[in-house]
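Right, one structure below, let's go through it.
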Amino acid sequence: FLIGPATRIPAVITLAAISGTKYEWRRFNREWQHALNKHRAAYLHITDALAQKNSFRDGWNTTRRDALIMDCVKVIGRHIALPIRDSDPGRLGIYPHSITIKLAEFVKARQANPDVPRSANEVCATQAVYDCMKWGFDGLGAQNIHLYFDQGEPFRGHICDRANHPKVLKQLPYLTRITKIVDLDMRVTPALQFADLLAWSVSHKQDVRTKWHERILKNPHEEYLVGYEQLINP
């Protein structure tokens, strides 16, 4: 279960998490790496790609960049879980979900109720892990789950605090079934590159300008928009 990185724009913060089994990740990683190799890219980091900086500086233009991202989006489409609809039996696969918090409403809720967590990052991390557990335990019947966070981001610490707190474990015994919580380098972790792309795409969904952006948003995924009414009752 891969969580992060997050995308921040002035009005919101969006955190994406992608859930799947070891078997599904093995197949997804192989195809994602093939797409990178095809375009001679070391990895996909969406803000670097759009700004054409760092590893996307030399030899990159808009056409080459968009072709790379579209091929990555096609990989996502081939591995994503599909819902059961009418005569469509659906398909098991990786499950993407995102949490978006309106920062102005977070500040308002925090001022009104001191029990609201101190940071929006904490709310995002908690909701993301809840969704991972719900998908893994209830949806797939998993016995245990592993959580992998983008290194350098603040979200892992909030979950470690909960997983190591006796009172919280008593209230939420499912946390004892999280058997690994580690950081990974997104540059060598395709699933975190997918999470990065999804977080950016959701947070910028009001300004769709490319075919790959439109296509990734059309893929089945869960989006949670957390506003004042949800935040005021943590």
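- Residue pairs satisfying the side-chain hydrogen bond (donor to acceptor under 3.5 Å, both in side chains) criterion with at least one member in residues 224-234, sequence neighbours excluded, are absent.
- In the hydrophobic clustering of this structure, Leu231 does not group with Leu225; members are Ile, Leu, Val, Met, Phe, Trp, Tyr whose side-chain heavy atoms approach within less than 4.5 Å, directly or through other members.
- Linking Ile, Leu, Val, Met, Phe, Trp and Tyr whenever their side-chain heavy atoms come within less than 4.5 Å leaves Val188 and Tyr148 in two separate clusters.
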Before you tell me yes or no, could you show the steps for Thr100 and Glu223 under side chain to side chain contact (heavy atoms under 4.5 Å, CB included), namely the whole-Å CA-CA distance, both residues' side-chain angles and the distance that decides it to 0.1 Å? CA-CA 8 Å; Thr100 298; Glu223 292 183 20; over 6 Å; no
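- Taking all atoms of both residues into account, the shortest heavy-atom contact from Val12 to Ser203 is CG2-CB, 4.4 Å.
- For the atom pair OG1 of Thr176 and CG of Leu169, the computed distance is 7.0 Å after rounding to the nearest 0.5 Å.
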Assess the residue pair Val226 and Glu105 against the criterion (side chain to side chain contact (heavy atoms under 4.5 Å, CB included)); give the C-alpha distance rounded to whole Å, side-chain angles, the decisive distance to 0.1 Å, and a yes or no. CA-CA 9 Å; Val226 182; Glu105 296 191 21; over 6 Å; no
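- Taking the side chain as every heavy atom from C-beta outward, Leu197 and Ile76 approach each other to under 4.5 Å.
- Contact between Ala191 and Ile18 at its shortest, heavy atoms only, is O-CG1, 4.1 Å.
- The shortest side-chain heavy-atom distance between Ile216 and His221 does not fall under the 4.5 Å cut-off.
- If you take CD1 on Ile94 and CH2 on Trp135, they are separated by 10.0 Å, rounding to the nearest 0.5 Å.
- A donor and an acceptor atom, one from each side chain of His97 and Ser19, are located under 3.5 Å apart.
- The shortest heavy-atom contact between Pro220 and Ala81 is CB-O, 3.8 Å.
- With a 4.5 Å cut-off on side-chain heavy atoms, Ile80 and Arg91 count as touching.
- Residues Leu92 and Glu24 have side chains in contact (heavy-atom distance under 4.5 Å, counting atoms from C-beta outward).
- Ring geometry, Tyr43 versus Phe56: the interplanar angle exceeds 60°, so the pair is classed perpendicular (tilted spans 30 to 60°).
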Begin from the C-alpha positions of Ile101 and Gln127 and carry the test side chain to side chain contact (heavy atoms under 4.5 Å, CB included) through to its verdict. CA-CA 11 Å; Ile101 294 179; Gln127 181 64 43; over 6 Å; no
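- Side-chain N/O atoms of His39 and Asp71 include a donor and acceptor closer than 3.5 Å.
- Remark: side-chain polar atoms of Gln151 are not paired, donor with acceptor, to backbone N or O of Met186 under 3.5 angstrom.
- Between the side chains of Gln33 and Asn29, not a single donor N or O lies within less than 3.5 Å of an accepting N or O.
- A donor-acceptor pair under 3.5 Å is formed between the side chain of His204 and the backbone N or O of Trp200.
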Without placing hydrogens or testing angles, list every side-chain donor-acceptor pair under 3.5 Å for residues 112-119, not counting sequence neighbours.
from   : atom 1 : to     : atom 2 : distance (Å)
Asn113 : OD1    : Asp115 : N      : 2.9
Asn113 : ND2    : Ile232 : O      : 2.9
Ser119 : OG     : Glu122 : N      : 3.2

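- Between Arg162 and Thr126, the closest side-chain pair of non-hydrogen atoms falls below 4.5 Å.
- Residues in residues 72-86 take part in these side-chain hydrogen bond (donor to acceptor under 3.5 Å, both in side chains) pairs, two or more places apart or across chains: Glu31-Arg78, Glu31-His79.
- The SG atom of Cys160 sits 4.5 Å away from the CD1 atom of Ile181 when rounded to the nearest 0.5 Å.
- By the 4.5 Å heavy-atom criterion applied to side chains, Leu15 and Phe155 are counted as neighbours.
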Does the pair Lys108 and Lys102 meet the rule for a side chain to side chain contact (heavy atoms under 4.5 Å, CB included), with working shown? CA-CA 10 Å; Lys108 180 181 176 183; Lys102 298 178 180 179; over 6 Å; no
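- Here CG of Leu50 is found 8.0 Å from CG of Asp66. Values are rounded to the nearest 0.5 Å.
- Here the closest non-hydrogen pair linking Arg215 and Met70 is CD-SD, 3.9 Å.
- Heavy-atom minimum distance, Ile159 versus Ala125: CD1-O, 3.7 Å.
- The main-chain N or O of Gln143 is found under 3.5 Å from a side-chain atom of Arg177 such that the two form a donor-acceptor pair.
- For the atom pair Leu192 CG and Asp196 CG, the distance stands at 9.0 Å (nearest 0.5 Å).
- For the pair Val75 and Phe194, the minimum side-chain heavy-atom distance is 4.5 Å or more.
- One distance of note links OG of Ser55 with CG of Asp48; it measures 6.0 Å at 0.5 Å rounding.
- Judged by distance alone, with hydrogens and angles left aside, the side-chain atoms of Arg187 form no donor-acceptor pair with the main-chain N or O of Ala42 at under 3.5 Å.
- Gln52 places a side-chain N or O within donor-acceptor distance of the main-chain N or O of Trp60, the cut-off being under 3.5 Å.
- Two different hydrophobic clusters hold Tyr130 and Leu140 under the rule that ILVMFWY side chains link at heavy-atom gaps under 4.5 Å.
- The closest side-chain heavy-atom distance from Val129 to Tyr174 is not below 4.5 Å.
- A tilted orientation is assigned to the rings of Phe28 and Trp32, their planes being inclined by 30° to 60°.
- Closest approach of Ala35 and Cys72 over heavy atoms only: CB-SG, 4.4 Å.
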